[in-house]
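One structure below.
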Amino acid sequence: MAHLDISEFSVPEATAESPRPALRRIESVLGHLVEIPAAILVVAEVVILFAGVIARYVLHQPLIWSDELASMLFLWLAMLGAAVAFRRAEHMRMTAVIGSATPPIRFYLDTVATCAALAFLLMILHPAYEYAYEESFITTPALQISNTWRAAALPVGMGLMAMFAVLRLLRTGDLKVLLGAVLSVALVIGLFWLAQPYLRPLGNINLVIFFVGVAGFCVFAGVPIAFGFGLSIFGYLALTTRTPLMVLVGRMDEGMSHLILLSVPLFVFLGLLIEMTGMARAMVSFLASLLGHVRGGLHYVLVGAMYLVSGISGSKAADMAAVAPVLFPEMKERGAKPGDLVALLAATGAQTETIPPSLVLITIGSVTGVSISALFTGGLLPGVVLAITLSALVWWRYRNEDLSHVRRASGGQIAKTFVIALPAIALPFVIRYAVVEGIATATEVSTIGIVYSFIIGLLIYRRFDWRRLTPMLIETASLSGAILLIIGSATGMAWGLTQSGFSRALATSMTGLPGGSATFIAVSIVAFVVLGSVLEGIPAIVLFGPLLFPIARTVGVHEVHYAMIIILAMGIGLFAPPFGVGYYAACAIGRVDPAQGIRPIWGYLLALLIGLIIVAIFPWISIGFL
């Protein structure tokens, strides 16, 4: 996922009618003051990194400062993007539980979620300031400036999110609910603070209390995942250890600042770009001309189109948004049920999680040290295996489809659509070749893809809408900030788990399982299906990847093979109702009631599980071409 834009972290309905136009104006002005710099930073990153590519590979005179400046601006992009996401209510959270509540209860829980996020931001603000001050004693090697210029993004971003939270609460129309939510959060924090003397002697039991109890309660209560994680690790360090809280900010900075993660916003933007320029539509049209006349043909096209588009964007939300609007109208005209369409769309989202340049692959490479080029090579065939199992189910379900009204495309029409689609189809192969052959890094190749898409969109497809560019840049910053803040807080939790000795205990227990590597893989599959449905993919990877990959090597499982197994397992959980947030994203993109897709998706999930078992049994599928 991957990364996904999940159900909104919303302002209660009463807020929309609240008679406080002054507060709305203040929030709007402040929002624009954050969104415009965030959009400019996305452009700046593309320009700086592409200039570095040209200087290194064309002029053979590397810009020694380009990576350093890109890294410095990247932290600002992450924090301003997180502030934009907070203001736009786009931070990822699980809404399966609160979605079933009555409107008054949902209203109350939404307000509690805002209060909980604000509590974390206020508590972490001073340690973030201290961290930025301490960084003033460090001078950057290439630019020779104080590192405070980079680290200041942390307190500024936290402060902006806190301001948006306060404005949201002030606009709440029901004072009684607001006071109840504030008192509820204050009471819970106060009880934990008073319990501090009793918590310290408990040792590793505190891991269960904070990392399972607090984090789990926050996630199920609808608190955005990043802030739920943040509250759990902040409480653990503040109440049970003597670790300076500035260390937590440092770990969050470390988690968000891997230069390889800079490819996250760039691939998100690339995904939006291929949809806007018509590249995705061209690929879908070519596949439809090939297969549209066979039974279930457009369903096969959906599977194939998601595979191709995933090879470009890396973002599951962008993939689904690019493919669904092109195919769904014609599929509905042929009699396909809307519920089955979103079920297959969600299943293809899980199927394509391993296809480069998947954001989950990039995240695994950044947190575990596994070669990105090896992951990009190993991710292609597992996706094919799952595509085959999905297609087998499509064949069974649509073997009696009536196609008497469908006209088969002629050879000339197929050739024409292929020529039109060729520039778009070439892009995923260019991206993969450049990374695998070592010509460019994943970050650099994303800028090449962006420039390529600009040129193709302007000169060949001529569908470049300049008016959509600024909203796309803001959306890129927002989604990237939401993802990166989760990575930062999850990195803090992973560090806390490691420091507590949990990782050593986990390694001992996992390596001692009867059955060796087979049992280890089976346990991992079950664990990541569950984690994928509850936590969403990237935080699950950041939390447990550094702990489990060394164990995989110890029990004799190749790290690339293991990566494919856990990514696919996590993807199945991510897109499985009732908790899988990816399923609800697919329903939102397809504009279909989630209840309609519940029944048909179970068959597709079974097909995915069969494909995953095949991938797990035969390591060659993942590592045969390394």
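Start at 1 with the first residue, then count along the sequence.
- Here the side chain of W396 pairs no donor or acceptor atom with the backbone of A392 at under 3.5 angstrom.
- The aromatic rings of F86 and F227 sit perpendicular, their planes meeting at an angle over 60°, well past the 30° parallel limit.
- Side-chain atoms of Y307 come within 3.5 Å of backbone N or O of L380 as a donor-acceptor pair.
- The aromatic rings of Y236 and F211 are tilted relative to each other, their planes meeting at an angle between 30° and 60°.
- Between the H561 side chain and the I621 main chain, no donor and acceptor come within less than 3.5 Å of each other.
- Classification of the W620-F625 ring pair by plane angle, with boundaries at 30° and 60°, yields tilted.
- Two residues are said to be in side-chain contact when any heavy atoms from C-beta on lie closer than 4.5 Å; L270 and L266 fail this criterion.
- The closest donor-acceptor contact from the side chain of T476 to the backbone of V268 lies at 3.5 Å or more, if one exists at all.
- Not a single donor-acceptor pair under 3.5 Å links the side chain of R397 to the backbone N or O of D340.
- I613 contributes atom CD1, which lies 11.0 Å from atom CD1 of I565 (distance to the nearest 0.5 angstrom).
- Heavy-atom minimum distance, S453 versus L273: CB-CD2, 3.6 Å.
- Annotation for F575 and G349: closest pair CE1-C, 3.6 Å, computed over non-hydrogen atoms.
- R553 CZ: more than 12 foreign heavy atoms inside a 6.0 Å radius.
- With contacts defined as side-chain heavy-atom distances shorter than 4.5 Å, the pair F269/E45 does not qualify.
- To the nearest 0.5 Å, atom CD1 of residue I362 and atom CD1 of residue I541 are 13.0 Å apart.
- Closest non-hydrogen pair, P356 versus G379, comes out as CD-C, 4.3 Å.
- Listed for the T348 side chain is a donor-acceptor partner under 3.5 Å among the backbone atoms of L345.
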